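A note on names: the letters A, B, ... follow the listed sequences, proteins ahead of strands, and every chain is numbered from 1. These figures come from a predicted structure and were not determined experimentally.
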2 protein chains.
Amino acid sequence: MIRILLAEDQMLVCDALATLLDFEDDMTVIARASDGLAAVREAKRAQPDIALLDVEMPHQGGLDAAEEILQSVPDCKVILLTTFARPGYMQRAIQAGAHGYLLKDGEVEQLAAAIRAVMRGERIFHPALMMAAIASENPLSMRERDVLRGVKNGLTTKELARDLSLSEGTVRNYLSEAISKMNCTSRQDAVRRAESMGWL
Amino acid sequence: MIRILLAEDQMLVCDALATLLDFEDDMTVIARASDGLAAVREAKRAQPDIALLDVEMPHQGGLDAAEEILQSVPDCKVILLTTFARPGYMQRAIQAGAHGYLLKDGEVEQLAAAIRAVMRGERIFHPALMMAAIASENPLSMRERDVLRGVKNGLTTKELARDLSLSEGTVRNYLSEAISKMNCTSRQDAVRRAESMGWL
DNA sequence: CATTTGCAATGACATTTGTCATATCGTGAC
DNA sequence: GTCACGATATGACAAATGTCATTGCAAATG
């Protein structure tokens with residue numbers, strides 16, 4: 001019997017998924033969590049075979065929780081589940097050692113099959129995202145990411161210059177480079193694009 | 001037997017919810033859709049008692065689909081389901097004549113109970129959102145919404161001025177007013193805030 | 001009828017943004 | 001050792017943004 005920890009912040013979706021997984025002859029949901037912190041705690045307590053983690057959760061997201069679970073519950077295999085096809089997130093998931101990364105637009109049978117495959121020792125990652133992740137190496141330099149992060153946090157060019165000990169012209173130049181690399185026309189658009197690619 | 005149309009773009013969530021609803025003795029999911037357009041089409045074809053519509057769907061969202069279904073399938077009662085607690089969206093749902101507006105962070109029993117209550121003729125809206133909707137009247141004028149929509153669609157001040165047959169100064173002034181009303185410091189922030197409040 | 005208020009509309013002006021040319025440094029290739 | 005390249009860093013300048021003062025109009029209020 002495959003023992004599953006399910007982490008999903010939307011109760012309705014959590015209930016529904018748990019019910020479906022319990023339907024499978026060889027699976028049972030033994031623990032649930034509604035955020036990353038709780039997921040890590042439950043993983044340690046219940047020692048599940050599989051941790052099925054939503055990526056977008058409050059307090060601590062699925063990616064961070066995955067990293068911690070893989071560290072502290074070595075026999076637990078981690079599968080991430082998400083709405084968004086973000087190659088950068090999947091890249092991070094792979095680098096953290098996750099065993100699977102699936103999108104919610106798949107069918108239940110696919111989820112069950114993926115869980116079984118992971119139990120057999122396979123790693124299941126969305127093929128298209130695999131290619132996208134390889135194709136889309138993060139083009140941003142460290143400083144470009146620094147300034148984009150500042151913009152994301154609502155800082156002005158002046159404030160960024162102060163925080164990073166740079167001149168305003170330098171900050172503007174990094175932002176301009178980042179805007180160009182993201183194929184955008186404003187710093188806010190560049191932030192969103194970088195985030196959606198998982199580069200920030 | 002309550003006949004339900006379920007519209008949800010994530011297949012996994014759709015499958016899971018349909019299974020749970022089919023579990024109820026008095027309910028059956030007779031049709032499914034993965035976007036607003038398909039939801040309207042399926043509502044016309046299958047004539048369900050209840051249309052359960054996710055708000056965030058591609059092509060046409062649940063709110064727009066709700067309006068159309070209420071127009072063209074008068075015996076069908078519409079319940080909207082969403083992740084985001086946006087008073088403005090619920091306001092629109094009420095104004096369109098929807099019979100319910102629920103959040104996905106509720107439990108399955110609550111959903112089933114809401115469906116039964118709506119069948120009995122009740123209207124089920126999230127109490128806290130009701131208060132928030134009343135408290136947060138949309139402060140934006142028509143023109144302010146016009147210019148914010150333009151910004152959301154990526155238009156520059158010049159392009160907006162042309163599209164709306166206004167001068168650039170006028171467009172900037174409306175944007176400035178909107179930014180101020182949203183308590184923001186940039187037009188992009190104002191767009192996001194207005195959207196998150198359901199005012200756009 | 002006069003006044004007030006909110007909306008629609010405009011342009012002047014200060015500030016911010018984004019582009020561009022430029023310089024320095026470290027690293028890798030030849 | 002020289003050269004090319006990418007990253008880091010800077011300031012000048014044109015364009016865009018946001019604020020502000022202002023005007024006109026319609027509707028509501030006294």
S.K.: For the pair Glu8(A) and Arg32(A), find out whether any cationic side-chain nitrogen is under 4.0 Å from an anionic carboxylate oxygen.
M.R.: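 Salt bridge absent between Glu8(A) and Arg32(A).
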S.K.: Strictly below 4.0 Å, N to O, side chains only: are Glu122(A) and Arg116(A) in salt-bridge contact?
M.R.: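 Salt bridge absent between Glu122(A) and Arg116(A).
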S.K.: Looking at Thr170(B), I'd like to know whether one of its side-chain N or O atoms comes within less than 4.0 Å of OP1 or OP2 on dT10(C).
M.R.: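 Yes.
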S.K.: Walk me through it: do Met27(B) and Arg3(B) pass the test side-chain contact (heavy atoms from CB on, under 4.5 Å)?
M.R.: CA-CA 6 Å; Met27(B) 296 177 195; Arg3(B) 298 158 65 249; over 6 Å; no
S.K.: Using a heavy-atom distance cut-off of less than 4.0 Å, which residues of residues 161-169 of chain B contact DNA chain C?
M.R.: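 Under 4.0 Å from DNA chain C: Leu166(B), Ser167(B), Gly169(B).
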S.K.: When you check the gap from the basic side-chain N to the acidic O, do Arg45(B) and Glu42(B) get nearer than 4.0 Å?
M.R.: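 Yes, this pair counts.
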S.K.: Step by step, would you call Leu111(B) with Leu12(A) a side-chain contact (heavy atoms from CB on, under 4.5 Å)?
M.R.: CA-CA 8 Å; Leu111(B) 176 58; Leu12(A) 204 62; 4.0 Å; yes
S.K.: With side-chain contact (heavy atoms from CB on, under 4.5 Å) as the test, would you mind laying out the steps for Met197(B) and Tyr89(B) before giving the verdict?
M.R.: CA-CA 8 Å; Met197(B) 296 301 289; Tyr89(B) 279 13; over 6 Å; no
S.K.: If you compare every side-chain N and O of Ser141(B) against the phosphate oxygens of dG6(C) (OP1, OP2), does one of them come in below 4.0 Å?
M.R.: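 So the side chain of Ser141(B) is outside the cut-off, no N or O lying under 4.0 Å from OP1 or OP2 of dG6(C).
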S.K.: Check the pair Leu6(B), Leu17(B) against side-chain contact (heavy atoms from CB on, under 4.5 Å), reporting the backbone distance first and the verdict last.
M.R.: CA-CA 8 Å; Leu6(B) 177 59; Leu17(B) 281 177; 3.9 Å; yes
S.K.: Can you list, by residue number, the residues of residues 173-182 of chain B that have a non-hydrogen atom closer than 4.0 angstrom to DNA chain D?
M.R.: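 Here the set is Asn173(B), Ser176(B), Ile179(B).
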S.K.: Indicate the atoms forming the closest heavy-atom contact of Pro48(A) with Ala43(A), along with that distance.
M.R.: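 Looking at all heavy atoms of both residues, the closest pair is CD-O, 3.4 Å.
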S.K.: Taking Asp54(B) for the side chain and Met57(B) for the main chain, is one N or O donor matched with an acceptor at less than 3.5 Å?
M.R.: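 Pair absent, no side-chain N/O of Asp54(B) close to backbone of Met57(B).
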S.K.: If you compare every side-chain N and O of Ser186(A) against the phosphate oxygens of dT17(C) (OP1, OP2), does one of them come in below 4.0 Å?
M.R.: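 No, outside the criterion.
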S.K.: Is there a residue in residues 144-160 of chain B whose heavy atoms reach under 4.0 Å of DNA chain D, and which residues are they?
M.R.: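 Thr157(B), Lys158(B), in order of number.
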S.K.: Using whole Å, what does the distance between atom P of nucleotide dT16(C) and atom CD of Gln188(B) come to?
M.R.: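 Taking atom P of dT16(C) as the reference, CD of Gln188(B) is at 16 Å.
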S.K.: Less than 4.5 Å apart, side chain to side chain, heavy atoms only: is that true for Gln110(A) and Leu103(A)?
M.R.: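 Answer no - side chains too far apart.
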S.K.: Within the structure, does a side-chain N or O atom of Arg172(B) lie under 4.0 Å from either OP1 or OP2 of dA16(D)?
M.R.: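 So the side chain of Arg172(B) is outside the cut-off, no N or O lying under 4.0 Å from OP1 or OP2 of dA16(D).
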S.K.: Could you tell me whether a side-chain N or O of Glu144(B) sits under 3.5 Å from a main-chain N or O of Ser141(B), the two making a donor and an acceptor?
M.R.: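 A pair under 3.5 Å: yes.
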